[in-house]
Amino acid sequence: MLVTLSNEINAQETITVMNATLPSPRRALSCMENSADGKIYCFGGESTTGNQINQIVEYDSFSDNISIKNTLLPTGRSLLSCAENSATH
């Protein structure tokens, strides 16, 4: 679930709650946003039992949809870093 909070000038709070959830609980994953289309990609992570995950997950915030990409990381990985070059998308 993604929750976005923002304070407007008149101090009223706007709360947006999205319903998409990751396919399985995970921690220590790395995520980045593609500034060209607003999609968020999450890489790897660790399951609640400590197993490293090799999935790449795509989240589309406009449709509130999560999909698992067909491409996998070479091995399960966690505690990664990632970034986007917004000049080249």
Side-chain angles (χ1 to χ4, degrees):
M1 176 187 309
L2 176 69
V3 178
T4 305
L5 300 175
S6 63
N7 290 326
E8 298 176 14
I9 295 173
N10 61 7
Q12 290 181 349
E13 239 180 41
T14 301
I15 299 175
T16 304
V17 177
M18 308 302 266
N19 293 315
T21 57
L22 289 169
S24 62
R26 57 193 72 195
R27 60 181 176 239
L29 64 159
S30 182
C31 298
M32 57 78 59
E33 178 197 17
N34 180 345
S35 62
D37 60 15
K39 291 182 181 176
I40 298 171
Y41 295 89
C42 295
F43 304 90
E46 198 173 88
S47 71
T48 55
T49 58
N51 295 320
Q52 291 187 328
I53 299 168
N54 65 344
Q55 290 178 332
I56 300 172
V57 178
E58 177 187 81
Y59 173 65
D60 184 337
S61 60
F62 296 108
S63 66
D64 191 31
N65 186 47
I66 287 183
S67 59
I68 298 172
K69 305 306 284 180
N70 290 331
T71 303
L72 299 173
L73 298 173
T75 60
R77 298 171 187 209
S78 60
L79 299 171
L80 301 167
S81 275
C82 63
E84 178 215 14
N85 181 350
S86 57
T88 61
H89 299 290

> For the Cys pair Cys31 and Cys42, is the SG-SG distance shorter than 2.5 Å?
Replying inline: yes

>> Could you tell me if Gln52 and Thr75 have a donor-acceptor pair between their side chains, going purely by distance under 3.5 Å?
In response: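 Per modelled atom types, Thr75 and Gln52 side chains form no pair under 3.5 Å.
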
Provide the closest heavy-atom pair for [X] versus [Y] in the form atom of the first, atom of the second, distance.
X     : Y     : value
Leu29 : Gly44 : CB-O, 3.5 Å
Leu72 : Gln55 : CD2-CA, 4.2 Å
Gly38 : Phe62 : CA-CE1, 4.5 Å
Ser30 : Ser81 : OG-C, 3.6 Å
Asp64 : Asn19 : OD2-N, 2.7 Å

> So, does Glu84 use its side chain to make a donor-acceptor pair with the main chain of Ser35 at under 3.5 Å?
Replying inline: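 Indeed, once roles are kept as given, a pair shorter than 3.5 Å links the two residues.
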
>> For Leu79, give me all partners under side chain to side chain contact (heavy atoms under 4.5 Å, CB included), at least two apart in sequence or on another chain.
In response: Ala28

>> List the residues meeting side chain to side chain contact (heavy atoms under 4.5 Å, CB included) with Thr49, not counting sequence neighbours, and say none if there are none.
In response: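 Checked Thr49 against side chain to side chain contact (heavy atoms under 4.5 Å, CB included); matches are Ser47, Asn51.
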
Do [X] and [Y] belong to the same hydrophobic cluster, where Ile, Leu, Val, Met, Phe, Trp and Tyr are linked whenever their side-chain heavy atoms lie under 4.5 Å apart, directly or via other members?
X     : Y     : result
Ile66 : Ile40 : yes
Met32 : Leu73 : yes
Tyr41 : Val57 : no

> If you round to the nearest 0.5 Å, how far is OG1 of Thr48 from CZ of Arg27?
Replying inline: 6.5 Å

> Could you give the distance from CG (Asn34) to OH (Tyr59), rounded to the nearest 0.5 Å?
Replying inline: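 If I round to the nearest 0.5 Å, the distance is 15.0 Å.
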
